[in-house]
Amino acid sequence: MGRYQRDRDRRRDPREPGCPREPDFPDFPGPPQGPPEEPIGQHVHDYRGNTSYYGETSFDNGHRHSYQGETGPPIYNGDTHYHNYQGTTSRTAGHQHNYRGRTGPAIRTSRGHTHEMQGETRLNDGHRHTYKTRTSRPIPETY
């Protein structure tokens, strides 16, 4: 199984009956900022990281979780685009956390672009964790 091979069900339109992904992501606040970018078509990004441990919040509870996944397809908005994402952290200290959100706008790089991701996990075991990372460069969708 190749590194970028994807489960075809994850790429289906959330409005399609039987789709396993939930379409109820909140709207990203505010208009996009920065220079316009040329649409690059359908693509996704990989991401990975660890939840806060000695972060600025009190939600660390003495342990951390790792997380990794793949964003959904781009959502074009004005001169930029975003991606929805969702997943479940690693199991640590007898529990795990769900998380979901929308990336920040595209940030141009010499190898394409990336997106910032940050937020808080869902409450579980009486606490939550913060996370912050950047996505990989674009991975073209091939069907």
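Along the sequence shown, residues carry numbers from 1. All figures in this text were calculated on a predicted structure; none of them were measured in a lab.
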Point to revise | Aromatic plane relationship, His113 with His83 - under 30° parallel, 30 to 60° tilted, over 60° perpendicular | key: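 Geometry flag for His113 against His83: parallel rings.
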Could you check whether any side-chain N or O of [X] sits under 3.5 Å from a backbone N or O of [Y], counting only pairs where one atom can act as donor and the other as acceptor?
X      : Y      : answer
Asn124 : His97  : no
Thr114 : Ile107 : no
Thr92  : His65  : no

Of the non-hydrogen atoms in [X] and [Y], which two are nearest, and what is the gap between them?
X      : Y      : answer
His115 : Gly104 : ND1-O, 2.9 Å
Pro138 : Pro140 : O-CD, 3.8 Å
Pro105 : Thr80  : CB-OG1, 3.6 Å

Using side-chain heavy atoms (C-beta onward) and a distance below 4.5 Å, is [X] in contact with [Y]?
X      : Y      : result
Met117 : His45  : no
His81  : Ile75  : no
Thr130 : Glu120 : yes

Review point. Would Gln68 and Arg48 count as having a side-chain donor-acceptor pair, cut-off 3.5 Å?
Key: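 On atom types as modelled, these side chains do not qualify, holding no pair under 3.5 Å.
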In Å and rounded to the nearest 0.5 Å, what is the [atom1] to [atom2] distance from [X] to [Y]?
X      : Y      : atom1 : atom2 : answer
Arg102 : Asn77  : CZ    : CG    : 8.0 Å
His43  : Thr71  : NE2   : OG1   : 6.5 Å
Gln86  : Arg122 : CD    : CZ    : 9.5 Å

Can you sort out the partners of [X] under side-chain hydrogen bond (donor to acceptor under 3.5 Å, both in side chains), two or more places apart, ordered by chain and number?
X      : value
Ser66  : Ser90
Thr88  : Asn98
Tyr131 : Tyr85
Ser136 : none

Review point. What residues, two or more places apart in sequence or in another chain, satisfy side-chain contact (heavy atoms from CB on, under 4.5 Å) together with Leu123?
Key: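 So Leu123 forms a side-chain contact (heavy atoms from CB on, under 4.5 Å) with Arg128.
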**Study point:** Chi angles and distances behind the side-chain contact (heavy atoms from CB on, under 4.5 Å) call for Thr133, Tyr67
**Key:** CA-CA 10 Å; Thr133 192; Tyr67 59 93; 3.6 Å; yes
**Study point:** Counterpart residues, salt bridge (charged side-chain N to carboxylate O under 4.0 Å, His left out), relative to Arg134 (two or more places apart)
**Key:**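 Listed in chain order: Glu116.
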